[in-house]
Structures are given as C-alpha cells and as structure tokens.
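What follows is a set of notes on a single structure, which appears directly below.
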Amino acid sequence: MGEWEQGFAELLAGRGAALRAYAYLLTGESAAAADLVQEALLRVFSRLRVTTDVPQLEGYVRRAMLNQFIDGRRRAQLWRAKRHLLVDSGVHHDEDHTVADEVRQALATLSPRQRACVVLRYYEDLSVLEIAEQLGCAEGTVKRHLADARTKLANQLTVPEETMR
C-alpha cells in the first residue's frame, strides 16, 4: 500500500463521518453532500500528496469542499439567471414542514459566502479571524456576512436576532 493510500484510508476511517457532516451542512442535501466529499477527495488525492498526516489531509479536503461548494453555488445562480431562456421552470412543493426543513430552506436562501461563514462559525466553531483566513477575505467581510445571515435567518425562522448571537 502506497503512502497516499494509507493516508486516504486513515482519513476516511477517522474523519469520514465529520467530512460528510460538514458537507451536509454546506449543501443541505445528503446526496449533494456525498458528491461534494467525493469531489473534494478526488481533487486532493489526484495530486498525489505524499503525506499520512490526517489533520493536514483533512484541512486540504475541507478547503477543497468549501471551494467546490462556493463555485457550485455561483454556477447554479448563473444557470438560474439564464435558465428561463431555455426551459420552463417547474413548481416545487415541499410537504415536509419540520423544523429541520425550515432551517435547511432558510440556509438555502443565503448567498454561498454567507452560508459558508455560518457553517464555519456555528458548526466548525471557528473565530472570525479563522473564517477570514479560510475564505481569503478580511475580518470585516466575514462580520458583514455573518450579520446579514443572522438577520435573514432570524426573519425567516421568526427567531429574535438576540438569541442567534
């Protein structure tokens, strides 16, 4: 077994569930989360990084997932803006009205950057500085994304904004 295979096996055995949970929070769908994890693993391990350091590999994979998610959302927004030129849009009805679905729907209304900031802040428990480093932007930008996201989520979920801090 090569070094990369050993690192790959250790990463999946030790942190696979955490990677899937992270992807699920970003995407909101289990199938899309599985695709996101698979795509990120493919991108990271296709470069044949020769390391067995699981925390370092996990960092590479998480960053690849975040980049892929943001790029995918950007592409999807562009497609939604142009789709009407090619096809008729269908109406989607969601019959399941549980709290989890309400939260998932509310998260889906956030911009990719806002959603990434919310997941990194409240799921990954990163500081504003760490989020800024992850996303490659200024701390003020992260604070603005978090404030806008909190306001939007509070309005949609009918939760007083003070409880979301």
Side-chain angles (χ1 to χ4, degrees), residues 11 15-45 47 49 54-85 89 91-92 94 96-165:
L11 176 65
R15 300 300 298 157
L19 291 173
R20 284 189 301 277
Y22 178 64
Y24 181 78
L25 286 172
L26 285 173
T27 63
E29 300 173 358
S30 58
D35 289 344
L36 185 62
V37 172
Q38 186 174 14
E39 179 67 27
L41 289 169
L42 180 66
R43 286 179 183 229
V44 169
F45 284 94
R47 291 190 171 67
R49 300 187 196 285
V54 172
Q56 185 179 22
L57 287 172
E58 183 180 4
Y60 286 138
V61 172
R62 284 179 183 264
R63 182 61 190 197
M65 289 167 57
L66 186 60
N67 289 344
Q68 182 69 20
F69 169 73
I70 290 172
D71 290 346
R73 289 288 298 256
R74 194 176 297 128
R75 263 186 251 109
Q77 283 179 327
L78 180 61
W79 167 247
R80 281 192 297 274
K82 306 288 185 203
R83 174 177 59 193
H84 71 281
L85 300 172
S89 63
V91 178
H92 176 68
D94 188 10
D96 192 5
H97 298 288
T98 64
V99 174
D101 284 337
E102 290 177 17
V103 171
R104 200 171 12 259
Q105 289 172 2
L107 284 172
T109 65
L110 299 177
S111 73
R113 289 279 178 165
Q114 287 174 344
R115 186 169 180 159
C117 285
V118 167
V119 169
L120 292 172
R121 179 72 175 129
Y122 297 105
Y123 179 70
E124 290 294 316
D125 200 28
L126 297 181
S127 69
V128 171
L129 176 62
E130 292 169 325
I131 295 169
E133 290 171 358
Q134 282 278 323
L135 296 177
C137 62
E139 288 181 63
T141 304
V142 171
K143 290 177 184 177
R144 178 81 263 155
H145 285 313
L146 288 171
D148 292 346
R150 275 195 302 263
T151 301
K152 196 170 193 179
L153 291 173
N155 290 337
Q156 291 178 359
L157 299 173
T158 61
V159 174
E161 191 174 344
E162 300 83 43
T163 63
M164 294 186 69
R165 291 184 190 259

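Note that this is a predicted model, so its numbers are computed, not measured.
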Run the side-chain hydrogen bond (donor to acceptor under 3.5 Å, both in side chains) test against Glu58 and tell me which residues pass, sequence neighbours left out. Arg15, Arg62
Tell me, please, which residues at least two apart from Glu130 pass side-chain hydrogen bond (donor to acceptor under 3.5 Å, both in side chains). Ser127
Would you please name every residue forming a salt bridge (Lys or Arg N to Asp or Glu O under 4.0 Å) with Asp35, sequence neighbours left out? none
Tell me if a side-chain donor or acceptor on Arg113 pairs with a main-chain N or O of Leu135 at a distance below 3.5 Å. yes
Test side chain to side chain contact (heavy atoms under 4.5 Å, CB included) applied to Gln114 and Leu146, Leu153, Asp148, the passing residue: Asp148
Option among Leu120, Ile131, Leu126 that satisfies the side chain to side chain contact (heavy atoms under 4.5 Å, CB included) test with Val142: Ile131
Name the atoms and distances for all side-chain donor-acceptor pairs under 3.5 Å in residues 17-26, with sequence neighbours left out.
| from | atom 1 | to | atom 2 | distance (Å) |
| --- | --- | --- | --- | --- |
| Arg20 | NH1 | Gly16 | O | 3.4 |
| Tyr24 | OH | Arg104 | NH1 | 2.5 |

Between OG of Ser111 and NZ of Lys152, what distance do you get to the nearest 0.5 Å? 7.0 Å
Hey, could you give me the CD/CG distance between Gln105 and Leu157, rounded to the nearest 0.5 Å? 10.0 Å
Results of side-chain contact (heavy atoms from CB on, under 4.5 Å) for Glu133 - residues two or more places apart only: Leu129
Counterpart residues, side-chain contact (heavy atoms from CB on, under 4.5 Å), relative to Ala32 (two or more places apart): Thr27, Glu29
In sequence, state the C-alpha distance, the side-chain angles, and the governing distance for Leu42 and Gln38, and then conclude on side chain to side chain contact (heavy atoms under 4.5 Å, CB included). CA-CA 6 Å; Leu42 180 66; Gln38 186 174 14; 5.7 Å; no
Is it the case that over 12 heavy atoms from other parts of the model lie below 6.0 angstrom from the CD atom of Glu139? yes
In short, Ala64 meets Val44 closest at the heavy-atom pair CB-CG2, 4.0 Å
From CA spacing to verdict: side chain to side chain contact (heavy atoms under 4.5 Å, CB included), Leu11, Tyr60: CA-CA 11 Å; Leu11 176 65; Tyr60 286 138; over 6 Å; no
